[in-house]
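Note that ligands are numbered from 1 as they come in the structure, with each ligand's atoms numbered from 1 the same way. In this text the structure is predicted, and so the values were computed from the model without any measurement.
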Amino acid sequence: MNPGIDDLPVRDELRGKSPYGAPQLDVPVRLNTNENPYPLPEPLVERITERVREAARGLNRYPDRDAVELRTALAAYLTRTGGHPVGVENVWAANGSNEVIQQLLQAFGGPGRTAIGFEPSYSMHALIARGTGTGWISGPRGEDFTIDLPAAEKAIAEHRPDVVFITTPNNPTGNAVPAETVIALYDAAQAAKPSMVVVDEAYIEFSHGASLLPLLADRPYLVVSRTMSKAFGAAGLRLGYLAAHPAVVDAVQLVRLPYHLSAITQVTALAALEHTDTLLKYVEQLKSERDRLVSELRAAGYEVTESDANFVQFGRFADSHATWRRILDRGVLVRDNGVPGWLRVSAGTPAENDAFLDAVRDLKKEQEQSG
Ligand SMILES: Cc1ncc(COP(=O)(O)O)c(C=O)c1O
């Protein structure tokens with residue numbers, strides 16, 4: 001017998017589904033997964049090597065299960081940059097913020113419970129909900145991709161979700177969510193039933209505005225989730241973290257696997273945090289490249305959503321997938337997130353962005369000639 005997936009007794013909600021993932025194509029310019037395009041600086045590579053060598057000697061032992069040294073360093077980073085004092089007891093870390101979100105849904109979602117997100121947004125929120133048996137509610141967004149507050153409050157009152165996701169800056173649209181909107185949604189969620197509100201700040205370091213960490217004061221049901229995949233240029237490391245009331249940290253520990261964060265991951269993240277200031281300089285460069293993409297796309301005749309992230313949503317296209325393919329034919333990989341009429345490009349190095357801008361200007365010319 002040689003069964004296919006549908007011959008196996010997989011859960012009904014997984015039948016006919018495909019695994020999540022952007023195409024990993026071997027093309028000259030890859031601007032499709034919102035990575036940081038700059039390799040880690042050599043002194044940091046040296047420091048990682050040193051710390052990993054040291055840790056390798058102790059690999060016969062399990063790692064620090066509570067990752068205390070790392071969580072302390074993350075708390076110091078948040079306190080220094082987030083405008084709100086955060087201690088080790090407020091911080092939890094896991095293998096990427098996807099795992100943080102999974103642990104949150106394991107603890108606060110699950111069978112018989114629901115989560116809501118305002119779409120289009122980061123599609124893994126819905127997929128992790130499905131994977132954890134949590135019902136998913138697709139909440140509304142306005143025409144301009146901002147959260148339509150009255151409609152969102154109504155959806156929360158009607159569905160009384162257990163978990164509310166707010167992504168700011170939002171992926172794939174790029175726009176940030178104002179603090180007042182988050183406060184209003186938090187209040188709506190608490191009025192409907194005490195539910196957890198997860199603010200996904202994966203791209204916050206690229207924002208024109210401030211982190212929403214100060215909202216944690218007096219809001220025990222609020223969670224801010226972060227990652228080292230974007231601003232720290234360490235997508236390959238797989239390190240995400242959250243800040244919340246200590247009770248939330250206690251709750252996720254009920255579902256985390258023992259020793260989930262390897263000793264190698266912990267020391268590598270610590271080494272990267274030692275180089276925070278250097279890494280944040282790349283963020284400044286990327287922010288100015290992002291702003292250049294916005295203005296040059298507009299000058300070339302494209303529509304662009306306001307961006308507070310390291311990527312830009314641009315359009316509009318009668319057939320976005322066909323346009324995605326034509327940009328790819330010119331050696332540049334962007335992302336089709338399935339938002340009708342729009343595509344997303346990550347800010348790369350100046351040379352990568354030039355290659356992208358040449359490709360899309362070329363498309364416009366072609367269009368003008370044929371139309
Ligand atoms: C909004 C948002 N949250 C979370 C993540 C996951 O990041 P990671 O698991 O690499 O920390 C991403 C990745 O693209 C994202 O866009």
Side-chain angles (χ1 to χ4, degrees), residues 19-24 30-37 67 70 74 77-78 91-106 115-129 131-132 139 141 145 147 163-177 182 197-207 211-212 223-243 252 256 260-262 265-266 268-269 272-273 279 286 290 305 307-313 333-339 344-348:
Y20 174 88
Q24 290 192 308
R30 285 188 294 172
L31 299 175
N32 69 328
T33 49
N34 301 342
E35 292 152 330
N36 188 318
L70 175 57
L74 289 166
Y77 167 68
L78 290 177
V91 174
W92 180 247
N95 295 281
S97 53
N98 283 333
E99 190 180 55
V100 168
I101 291 160
Q102 184 176 50
Q103 292 176 343
L104 287 167
L105 283 172
Q106 286 176 320
I116 191 170
F118 304 98
E119 297 183 315
S121 189
Y122 181 48
S123 55
M124 279 307 297
H125 295 156
L127 292 180
I128 299 170
T132 56
R141 233 167 232 276
F145 300 113
I147 293 182
V163 181
V164 177
F165 284 103
I166 304 168
T167 309
T168 182
N170 189 45
N171 178 16
T173 57
N175 52 309
V177 183
V182 175
V197 175
V198 180
V199 175
D200 185 337
E201 284 196 340
Y203 300 97
I204 195 65
E205 286 93 341
F206 300 98
S207 179
S211 166
L212 296 183
V223 182
V224 175
S225 125
R226 293 285 196 97
T227 181
M228 292 183 76
S229 295
K230 314 294 177 181
F232 281 84
L237 164 64
R238 310 306 301 129
L239 200 288
Y241 54 104
L242 65 73
V252 289
R256 60 105 180 95
H260 68 297
L261 214 46
S262 87
T265 301
Q266 294 188 36
T268 307
L273 283 159
L279 294 170
L286 286 166
R290 179 261 328 269
T305 323
S307 176
D308 270 281
N310 65 338
F311 55 83
V312 176
Q313 179 177 255
L333 180 60
V334 296
R335 186 73 178 269
D336 176 7
N337 291 88
V339 182
R344 189 194 72 193
V345 61
S346 312

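- Between N34 and R335, the side chains place no donor N or O within less than 3.5 Å of an acceptor N or O (distance only, hydrogens not considered).
- D200 and T167 are not linked by any side-chain donor-acceptor pair at a separation below 3.5 angstrom, with hydrogens and angles left out of the test.
- Between the N98 side chain and the M124 main chain, no donor and acceptor come within less than 3.5 Å of each other.
- Taking a heavy-atom cut-off of under 4.0 Å, ligand 1 is surrounded by G96, S97, N98, Y122, T167, N171, D200, A202, Y203, T227, S229, K230, R238.
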Next item on the list: Give the intermediate values and the outcome of salt bridge (charged side-chain N to carboxylate O under 4.0 Å, His left out) for residues E205 and R226.
Entry: CA-CA 10 Å; E205 286 93 341; R226 293 285 196 97; 3.5 Å; yes
Check: Could you go step by step and tell me if F311 and F206 meet the ring-ring contact (aromatic ring centres under 6.0 Å, His included) rule?
Finding: CA-CA 9 Å; F311 55 83; F206 300 98; 8.7 Å; no
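- Not a single ring-ring contact (aromatic ring centres under 6.0 Å, His included) links F118 to another residue, sequence neighbours left out.
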